[in-house]
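These notes concern the structure reproduced below.
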Amino acid sequence: MVIAIDGPAGSGKSTVARALAEALGFRYLNSGAMYRALALSLLERPGDAAERARELDVELGDDVRLDGRDVTEAIRSPEVSEAASRIATVPEVRSALVDGQRAALAGGDWVAEGRDIGTVVTPDAAVKVFLTATPEERARRRAADLGAADWRVVLRDQTLRDAQDREREHSPLRPAEDAVEIDTTGRSVDDVVAEIAKLARRAN
Ligand code: CDP
């Protein structure tokens, strides 16, 4: 079974997806970490993005490893976020990373999160959720994660990245037609996880 969780930055995807996977005993795929690791690799060593995507050596676990090096922290920076969103507009980059995601999701039970899991990566996922929250709440959460002093600066970057992710031609961020939209504004992680776990039980 695949549970697809898509949504914009700060909507709670990672926290909810991780907790849900833990609660259900499913594996967890953070597709955004792949785009981020690729972006970091290209920032450090410029080159052809599609070629690098095809040869990307990334391990996703509790830590994210790029070419064997722990990059868990490094991929969270605002520079990497922006670069990830930029390279994610390139169709050849997307198809290389989507191939890897589909190969992983082919076996076992998964909670997979990203922007296009329910629309492109696994359109036949048993459960599809689209998480949202107000832009202000999302920026406050992300500022807290980053230890950033001013959430308004985070809001500005987030607004640009949201627009880029929603308006790109290939696999734009949007809910799948059959996705359940959940607004997480003002709701606890446990509450949202319980709602999705109920959807999963019903789908099983
Ligand atoms: O954690 P946050 O939601 O801020 O970002 P992320 O999920 O780590 O994704 C970083 C960037 O990668 C996004 O802004 C997207 O441009 C891109 N991405 C994508 O295009 N498709 C995915 N399935 C996952 C991420």
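Computed from a prediction, not measured in an experiment: that's the story for all the values here. Read the numbers this way: they start at 1 and go in the same order the structure lists the ligands and their atoms.
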note = Here the atoms of ligand 1 under 4.0 Å from any heavy atom belonging to Gly114 are 23 (N), 24 (C)
query = Would you say the side-chain atoms of Trp151 pair up with the backbone N or O of Ala148, donor to acceptor, closer than 3.5 Å?
reply = no
message = Quick test of your reading of the model: are Arg138 and Asp162 salt-bridged, counting only N-O distances below 4.0 Å?
response = yes
inquiry  = When you compare ligand 1 with Glu113, is there at least one nitrogen or oxygen pair between them that comes in under 3.5 angstrom?
reply    = no
query = Identify the closest protein heavy atom to atom 24 (C) of ligand 1: which residue and atom is it, and at what distance?
reply = Ser31 OG, 3.4 Å
ask   = Do ligand 1 and Arg36 have nitrogen or oxygen atoms that lie under 3.5 Å from each other?
value = yes
key: Exercise: identify the closest heavy-atom pair between Ala197 and Leu24   = CB-CD2, 4.4 Å
request  = Could you see which bit of Ala9 sits under 4.0 Å from ligand 1, with heavy atoms only: side chain, backbone, both or neither?
outcome  = both
query = Taking Thr185 for the side chain and Thr134 for the main chain, is one N or O donor matched with an acceptor at less than 3.5 Å?
reply = yes
key: Any side-chain donor near an acceptor of the partner, Glu113 and Tyr28, under 3.5 Å   = yes
query = By number and element, which atoms of ligand 1 are closer than 4.0 Å to a non-hydrogen atom of Arg76?
reply = 1 (O)
query = Just heavy atoms, cut-off under 4.0 Å: does Met34 contact ligand 1 by side chain, backbone, both, or neither?
reply = neither
ask   = At a 4.0 Å threshold, what atoms of ligand 1 neighbour a non-hydrogen atom of Asp116?
value = 21 (N), 22 (C), 23 (N)
inquiry  = If you take the nearest heavy atom of each of Arg115, Arg138, Lys13, Arg142, which one is closest to atom 1 (O) of ligand 1?
reply    = Arg142
ask   = Of the protein's non-hydrogen atoms, which lies at the shortest distance from atom 12 (O) of ligand 1, and what is that distance?
value = Tyr35 CB, 3.5 Å
query = Is it the side chain (CB and beyond), the backbone, both or neither of Gln101 that lies under 4.0 Å from ligand 1, heavy atoms counted?
reply = neither
key: Inter-residue atom distance Phe130.CZ - Arg174.CZ, 0.5 Å rounding   = 9.5 Å
inquiry  = Taking a cutoff of less than 4.0 Å between a non-hydrogen atom of the residue and any ligand atom, is Gln164 in contact with ligand 1?
reply    = no
task = Give a yes or no on whether Glu136 atom CD has more than 12 heavy-atom contacts from other residues, nucleotides or ligands under 6.0 Å away.
result = yes
ask   = Looking at ligand 1, does Arg86 have a heavy atom less than 4.0 Å from it?
value = no
key: Any Arg166 heavy atom less than 4.0 Å from ligand 1   = no
message = Strictly distance-based, threshold 3.5 Å: is any side-chain N or O of Arg168 a donor or acceptor partner for the main-chain N or O of Thr89?
response = no
inquiry  = Counting non-hydrogen protein atoms only, what is the nearest one to atom 20 (O) of ligand 1? Give residue, atom name and distance.
reply    = Arg94 NH1, 2.7 Å
query = Of all the non-hydrogen atoms in the protein, which one sits nearest to atom 17 (C) of ligand 1, and at what distance?
reply = Ala88 CB, 3.8 Å
message = Using a 3.5 Å distance criterion without hydrogens, assess whether the side chain of Asp6 forms a donor-acceptor pair with backbone atoms of Ile117.
response = yes
ask   = Side chain, backbone, both or neither: which part of His170 has a heavy atom under 4.0 Å from ligand 1?
value = neither
ask   = Purely on distance, is any nitrogen or oxygen of Ser81 under 3.5 Å from one on ligand 1?
value = no
ask   = Can you tell me which residue and heavy atom of the protein come closest to atom 16 (O) of ligand 1, and the distance to 0.1 Å?
value = Asp165 OD1, 2.6 Å
query = Between Lys13 (side chain) and Gly7 (backbone), is there a donor-acceptor pair under 3.5 Å?
reply = yes
message = Can a donor-acceptor pair be found, under 3.5 Å and without considering hydrogens, that links the side chain of Arg52 to the backbone of Ser41?
response = yes
inquiry  = Around atom CD of Glu44, are there more than 12 heavy atoms from other residues, nucleotides or ligands closer than 6.0 Å?
reply    = yes
key: Where ligand 1 meets Gly32 - atom numbers and elements under 4.0 angstrom, heavy-atom basis   = 6 (P), 7 (O), 8 (O), 9 (O), 24 (C), 25 (C)
